[in-house]
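Computation of the quantities below employed the complete heavy-atom set of this structure, encompassing side-chain atoms and omitting hydrogens, waters and symmetry-equivalent molecules. Predicted model, so just to flag it, every value in this text is computed and none were measured.
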Amino acid sequence: MQKTDENVILIGFMGSGKSSVGKKLAGLLAVPCLDTDALIEEQEKMTIREIFAQRGQEYFRDAETRAVRGLTDRAGRYVLSAGGGLPLRAENREILKKLGTVIYLKASVQTLAERLARDTTRPLLQGEEPLEEKITRILSEREALYEEACSHVVLSDRKSVREVAQEIRRLIETL
């Protein structure tokens, strides 16, 4: 049975390409592209940065769970770009698997650091710790959970957004 009628869920670390690839893939599949961070900002009427600053990380993680739970009743096919920390909770990993085919966009620490070097919008990357060390530390806490949550891993190092999106499209067409 082909799964081309299923939703495609993109997970991975910040900077792995989930948002960019999600938009491109949604265009290739002619379906809407959803982003959990955008859904949360809409629900909370605040930016992710404001949520972290005013309500804290735990509140944000609760908002992520509410956002993906809300998608379980959504009709129609879509591509979902999930926030980098969303798969940390077991409940979220289970929901993502029920929503569709989960793809882990994996990138090296070096690639992630290059992509995130000038990004000041991500609360978890702020502070004095060198960026590569911070990425290595956080990724070591998350990688096994990303792998547990996904059905397929797609490497995004040294590939264009279009190349990654086309690879995912080909992958889901063979399922």
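- The residues Arg69 and Glu91 are annotated as salt-bridged, a charged nitrogen and a carboxylate oxygen being separated by less than 4.0 angstrom.
- Annotation: Gln110, atom CD; neighbour count of heavy atoms from other residues, nucleotides and ligands within 6.0 Å does not exceed 12.
- The residues Arg77 and Glu6 are annotated as not salt-bridged, no charged nitrogen and carboxylate oxygen being separated by less than 4.0 angstrom.
- Between Arg66 and Glu44 a salt bridge is recorded (basic side-chain N to carboxylate O distance below 4.0 Å).
- Val164 has its side chain within reach of Ile168: a pair of non-hydrogen atoms, C-beta onward, lies under 4.5 Å apart.
- Considering all non-hydrogen atoms of both residues, Ala67 and Ile40 come closest at CB-CG1, 4.0 Å.
- Scanning both residues, Ile11 and Ala149, for their nearest heavy atoms gives CD1-CB, 3.8 Å.
- Residues Met46 and Ile51 come closest through the heavy atom pair CB-CG1, 3.8 Å.
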With side chain to side chain contact (heavy atoms under 4.5 Å, CB included) as the test, would you mind laying out the steps for Ile103 and Cys150 before giving the verdict?
CA-CA 5 Å; Ile103 309 287; Cys150 77; over 6 Å; no

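- More than 12 non-hydrogen atoms from other residues, nucleotides or ligands lie less than 6.0 angstrom from NZ of Lys159.
- How far NE2 of His152 is from CG of Leu171: 5.0 Å, rounded to the nearest 0.5 Å.
- Side-chain contact between Leu10 and Val79: present, with at least one pair of heavy atoms (C-beta onward) separated by less than 4.5 Å.
- Side-chain atoms of Glu41 and Thr47 include no donor-acceptor pair closer than 3.5 Å.
- Note that the CD1 atom of Ile135 and the CZ atom of Arg142 stand 11.0 Å from one another [nearest 0.5 Å].
- Residues Tyr59 and Gln54 have side chains that never bring a donor and an acceptor to within less than 3.5 angstrom of each other.
- Contact check for Leu71 versus Leu39: side-chain heavy atoms found under the 4.5 Å cut-off.
- Geometrically, Arg89 does not engage Phe60 in a cation-pi contact defined by less than 6.0 Å to the ring centre and at most 45° from the axis.
- Contact check on Glu173 versus Arg169 returns a salt bridge, with a Lys/Arg side-chain nitrogen under 4.0 Å from an Asp/Glu carboxylate oxygen.
- In Glu50, the CD atom is crowded: over 12 heavy atoms of neighbouring residues, nucleotides or ligands sit closer than 6.0 Å.
- In terms of heavy atoms, Ala113 sits closest to Glu132 at CB-CG, 3.5 Å.
- For Leu86 against Val68, the heavy-atom pair with the smallest separation is CD1-CG1, 3.6 Å.
- The CG atom of Leu139 sits 8.0 Å away from the NZ atom of Lys106 when rounded to the nearest 0.5 Å.
- For the atom pair Arg170 CZ and Leu175 CG, the distance stands at 13.0 Å (nearest 0.5 Å).
- Residue Thr72 holds its OG1 atom at 11.5 Å from CG of Leu96, rounded to the nearest 0.5 Å.
- The two atoms that bring Lys23 and Cys33 nearest to each other are N-SG, 3.6 Å, heavy atoms only.
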Would Tyr104 and Glu143 count as a side chain to side chain contact (heavy atoms under 4.5 Å, CB included) if you check the C-alpha gap in whole Å, the side-chain angles of each, and the deciding distance to 0.1 Å?
CA-CA 10 Å; Tyr104 169 23; Glu143 188 151 30; 3.2 Å; yes

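- The cationic group of Arg74 lies under 6.0 Å from the six-membered ring centre of Tyr78 and within 45° of the ring axis, placing it in a cation-pi geometry.
- In this structure, the separation between OG on Ser20 and CZ on Arg115 is 8.5 Å, given to the nearest 0.5 Å.
- Residues Glu58 and Arg61 are not paired through a salt bridge, judged by the lack of any N-O separation under 4.0 Å between the basic side chain and the carboxylate.
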